[in-house]
Amino acid sequence: MIISNNSLFNDHAIPLETLHHVTTEPISGSGGGGSDSALSSVAIKAPLEVLAVDKRVGNDDMVSSLVPDADQQVHELMSIGNNGTVQCHGFIYQDTVFMTLPTIAQAKNVNHNEFYSCISQLIEIAEGTDCESLVIAVGKNSRNSNTILRALLYTGFQLVDPCVYNHDPVFILAGYEI
C-alpha cells in the first residue's frame, strides 16, 4: 500500500494522469508497440432497442429448449437489436426477462467496450419492463463461454442454480437483479 497526501492507494492502482481520454476518432499509431497502439477507437453505435414483439408460433423454439417450465405460459418473443439488425432474442416469464447471448459476444474478437455497452443496454431494456430480474443464457459449449461468464460476473450478474428454472443443461444462466 502507498500512503500519499493522507490517502490510501493500492500498489497496483493506475495513476489518473496516465489514463487517456477515449475519443470517437480513430487513434493513429505506428503499431510498433507504443501505448497508443493498444487503444482502439470507440465507435458510436445506435442503442439497442426492442425491434419487434412477435406472437410465438409453435413450441420448438428457444423457450422450450431454455426453460421447459415456461413453454405453455410464454406467448410472445422479443427481437432486440439496433439499426434493424437483431442482436438477440428474449421473452418474459413470470417476473424475469430471459435473453439469448447477444451476437456481439459471440464474435471471435470481442471488443470489450462494445460488449459492456451492449450488456448495460440490455439491462436498461429489462428495467423498462415490470420484471425484477434479467437472465442471459450462455451456451455451455461455446468457445468463449468462460470469458463471457467472467465478464457477466464482473458486471454484477450471478450464476443461476439449474434447479431454479430447470433449464436445459446445455445453457449456463447468468442472472441480474433489477
Taking all heavy atoms of [X] and all of [Y], pick out the closest pair and write down the distance.
X      : Y      : result
Ile92  : Gln94  : CG2-O, 4.0 Å
Asp54  : Ser79  : OD2-OG, 4.3 Å
Gln73  : Tyr93  : OE1-CE1, 2.7 Å
Ser145 : Gly139 : CB-O, 3.4 Å
Val74  : Arg56  : O-NH1, 3.1 Å

Enter the distance from [X]:[atom1] to [Y]:[atom2] here, rounded to the nearest 0.5 Å.
X      : Y      : atom1 : atom2 : answer
Met99  : Leu48  : CE    : CG    : 9.0 Å
Glu132 : Glu177 : CD    : CD    : 8.5 Å
Thr103 : Leu101 : OG1   : CG    : 8.5 Å
Leu173 : Lys140 : CG    : NZ    : 10.0 Å

* Checking Thr100 side chain against Cys88 main chain: does a donor-acceptor pair fall under 3.5 Å? ->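 It does not hold such a pair.
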
Any side-chain heavy atom of [X] within less than 4.5 Å of one from [Y]?
X      : Y      : value
Leu122 : Tyr176 : no
Asp130 : Asp95  : no
Leu51  : Gln87  : no

* With distance as the sole criterion, is a donor-acceptor pair present between the side chains of Gln121 and Ser117 under 3.5 Å? ->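 Ser117 and Gln121 do have a side-chain donor-acceptor pair below 3.5 Å.
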
Would you mind writing out the side-chain donor-acceptor pairs for residues 151-172 within the sub-3.5 Å range, not counting sequence neighbours?
from   : atom 1 : to     : atom 2 : distance (Å)
Thr155 : OG1    : Ala151 : O      : 3.4
Thr155 : OG1    : Leu152 : O      : 2.8
Tyr165 : OH     : Thr96  : OG1    : 3.1
Asn166 : ND2    : Asp69  : OD2    : 3.1
His167 : NE2    : Phe171 : O      : 3.3
Asp168 : OD1    : Val170 : N      : 3.1

* Please name the residue in the list Ile123, Ile119, Ile125, Thr129 that meets the side chain to side chain contact (heavy atoms under 4.5 Å, CB included) test with Leu134. =>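 Result for side chain to side chain contact (heavy atoms under 4.5 Å, CB included) with Leu134: Ile123.
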
